[in-house]
Student: 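Here you go, one structure.
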Amino acid sequence: MAKTAQDLVAGTAGGIAQVLVGQPFDIVKVRMQTAPKGTYRGMVHCAGGILKNEGPLAFYKGTLTPLLGIGVCVSIQFGAMEYSKRFFAARNVHSGIGGPQGIQLTGGQLLASGLLAGLANGVVSGPVEHIRIRLQTQSATAPVYRGPWDAINKIYSARGIAGIYKGQVATLWREASGYAVYFWAYEKLMQREMAQKNITRDQVNPGYAVLFGAAAGYVLWAVIYPIDMIKSRLQTDGFSSADGQKYKSTLDCIRTVWRTEGIGAFTRGLGPTLIRSPFANGATFLGFEMANRAIHKLLHQSSEV
């Protein structure tokens, strides 16, 4: 199996783990981000309202889209990240830096690799999250969309590809900046662990993948949360003045929210995000690392037969 294909498969495993662990927290975050000011007194009030009015399955509303889409997104993230790492490692070998195989990448190389991974991911994550957010925030009693495919068909029929990619500018800003620091943090922690114990990556205790992933997740959200809130607002906004459009552009959304709701609006919903982050991101990196090891072991055993 080609290395890139292995990275994509392992990334898919990480993405599925992320969705299953993080989805209930995500729906609470999105509801709080997009609701009018004063709708919820806090995270517990929001979650309690969802449970009381819509039932426990509501916490997994719109899960099919991210389960398929985020699996693909995380696959692309890790595929692009690992490809970039190999590219820089080859350059390091040529330049005589980064250790015997050039794999000791610099901070700048890791940031660049993460940025590329984020941009590649954004092409898919934009529409996936748009559809998910539409499903998460629609009325439980009078839903506009019957499911993800119905949402895609209706939005595309009425608004074309631009409708599907609504909020894409904010998405790309979020992905590029966020995944640059996300992978930088994780890889630096991994480098430190391997250097201190003089071990290879596949010898690192899986528990550290969870801890390092959790830490990387906090770094990610520290950078992107205000951008994520703007993205959520844009992706739940109307498509035109006829259906209640509030924001003309990303910049107009930022200005309007700042003027009408103040700085607090940019951190609304942060609570469930901070609770979700260590579990979802820890699961993501654990899924990736363990799937990579399993694939490597399987290929090694096959080559010996």
Side-chain angles (χ1 to χ4, degrees), residues 15 19 23 26-37 39 54 58 60-77 118-179 224-261 265-266 268-269:
V19 172
Q23 181 73 357
D26 190 71
I27 191 169
V28 174
K29 179 203 74 170
V30 170
R31 292 287 182 92
M32 292 183 71
Q33 283 181 332
T34 57
K37 186 177 182 180
T39 302
E54 303 173 50
Y60 280 92
K61 185 183 289 186
T63 298
L64 179 61
T65 306
L67 195 59
L68 298 174
I70 300 301
V72 173
C73 289
V74 178
S75 174
I76 292 170
Q77 285 172 29
L119 289 175
N121 171 63
V123 176
V124 179
S125 69
V128 166
E129 295 201 8
H130 179 205
I131 298 302
R132 176 175 64 171
I133 286 172
R134 292 283 175 189
L135 293 172
Q136 287 177 334
T137 56
Q138 69 177 347
S139 168
T141 55
V144 177
Y145 309 112
R146 296 190 302 273
W149 308 119
D150 184 51
I152 292 168
N153 287 331
K154 284 180 177 176
I155 293 171
Y156 183 77
S157 296
R159 302 293 170 182
I161 195 69
I164 297 294
Y165 274 90
K166 186 173 176 61
Q168 189 64 12
V169 171
T171 297
L172 291 175
W173 273 108
R174 186 193 73 162
E175 306 294 64
S177 58
Y179 286 107
I224 71 166
Y225 196 82
I227 309 171
D228 184 71
M229 187 282 296
I230 293 298
K231 181 192 75 70
S232 293
R233 290 293 183 97
L234 290 167
Q235 291 183 330
T236 54
D237 195 22
F239 291 94
S240 68
S241 55
D243 56 9
Q245 184 180 31
K246 299 176 184 176
Y247 313 115
K248 298 175 183 177
S249 64
T250 302
L251 185 58
D252 181 55
C253 181
I254 295 169
R255 288 170 173 167
T256 301
V257 172
W258 181 277
R259 185 179 66 252
T260 60
E261 300 178 51
F266 290 89
R268 191 182 302 156

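Computation of the quantities below employed the complete heavy-atom set of this structure, encompassing side-chain atoms and omitting hydrogens, waters and symmetry-equivalent molecules.
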Student: Within the structure provided, determine whether H130 and I155 are in side-chain contact (heavy-atom separation under 4.5 Å).
Tutor: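 Yes. Closest side-chain heavy atoms under 4.5 Å.
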Student: Can you find a heavy atom in the side chain of K231 that is under 4.5 Å from one in the side chain of E129?
Tutor: yes
Student: Could you report the tightest heavy-atom contact between I230 and C253, atom names first, then the distance?
Tutor: CD1-SG, 3.7 Å
Student: Between S232 and I133, what is the shortest heavy-atom contact and its length?
Tutor: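 Here S232 and I133 meet closest at OG-CD1, 3.9 Å.
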Student: Cut-off 3.5 Å, side chains only: do Y145 and Q138 have a donor facing an acceptor?
Tutor: no
Student: What do the steps show when you test R146 against D150 for salt bridge (Lys or Arg N to Asp or Glu O under 4.0 Å), and what is the final call?
Tutor: CA-CA 6 Å; R146 296 190 302 273; D150 184 51; 3.4 Å; yes
Student: Can you find a pair of side-chain heavy atoms, one from V257 and one from M229, that are under 4.5 Å apart?
Tutor: yes
Student: Indicate whether the side chain of E175 and that of S125 have a donor and an acceptor atom separated by less than 3.5 Å.
Tutor: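 Yes, S125 and E175 have a side-chain donor paired with an acceptor closer than 3.5 Å.
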Student: Quick check: do D228 and K29 have side-chain heavy atoms less than 4.5 Å from each other?
Tutor: yes
Student: Regarding Y247 and R233, is there a side-chain donor-to-acceptor distance under 3.5 Å anywhere?
Tutor: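 There is such a pair (donor and acceptor under 3.5 Å, judged by atom type) between the side chains of Y247 and R233.
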Student: Side chains of Q33 and Y225: is there a donor and an acceptor less than 3.5 Å apart?
Tutor: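 Side chains of Q33 and Y225: pair found under 3.5 Å.
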Student: Answer yes or no: does atom OH of Y156 have more than 12 heavy-atom neighbours from other residues, nucleotides or ligands under 6.0 Å?
Tutor: no
Student: Does any non-hydrogen side-chain atom of Q235 lie less than 4.5 Å from one of I131?
Tutor: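 In short, these two side chains do not touch, never coming nearer than 4.5 Å.
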Student: What do you reckon, is CZ of R159 surrounded by more than 12 foreign heavy atoms closer than 6.0 Å?
Tutor: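 Counting other residues, nucleotides and ligands, CZ of R159 exceeds 12 neighbours.
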Student: Using side-chain heavy atoms (C-beta onward) and a distance below 4.5 Å, is N121 in contact with V74?
Tutor: no
Student: Under 3.5 Å, side chain of D243 to main-chain N/O of S240, donor-acceptor pair present?
Tutor: yes
Student: Does atom NZ (K154) have a neighbourhood of more than 12 heavy atoms from anything else shown, all under 6.0 Å?
Tutor: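 Counting neighbours around NZ of K154, more than 12 heavy atoms of other residues, nucleotides or ligands fall under 6.0 Å, so yes.
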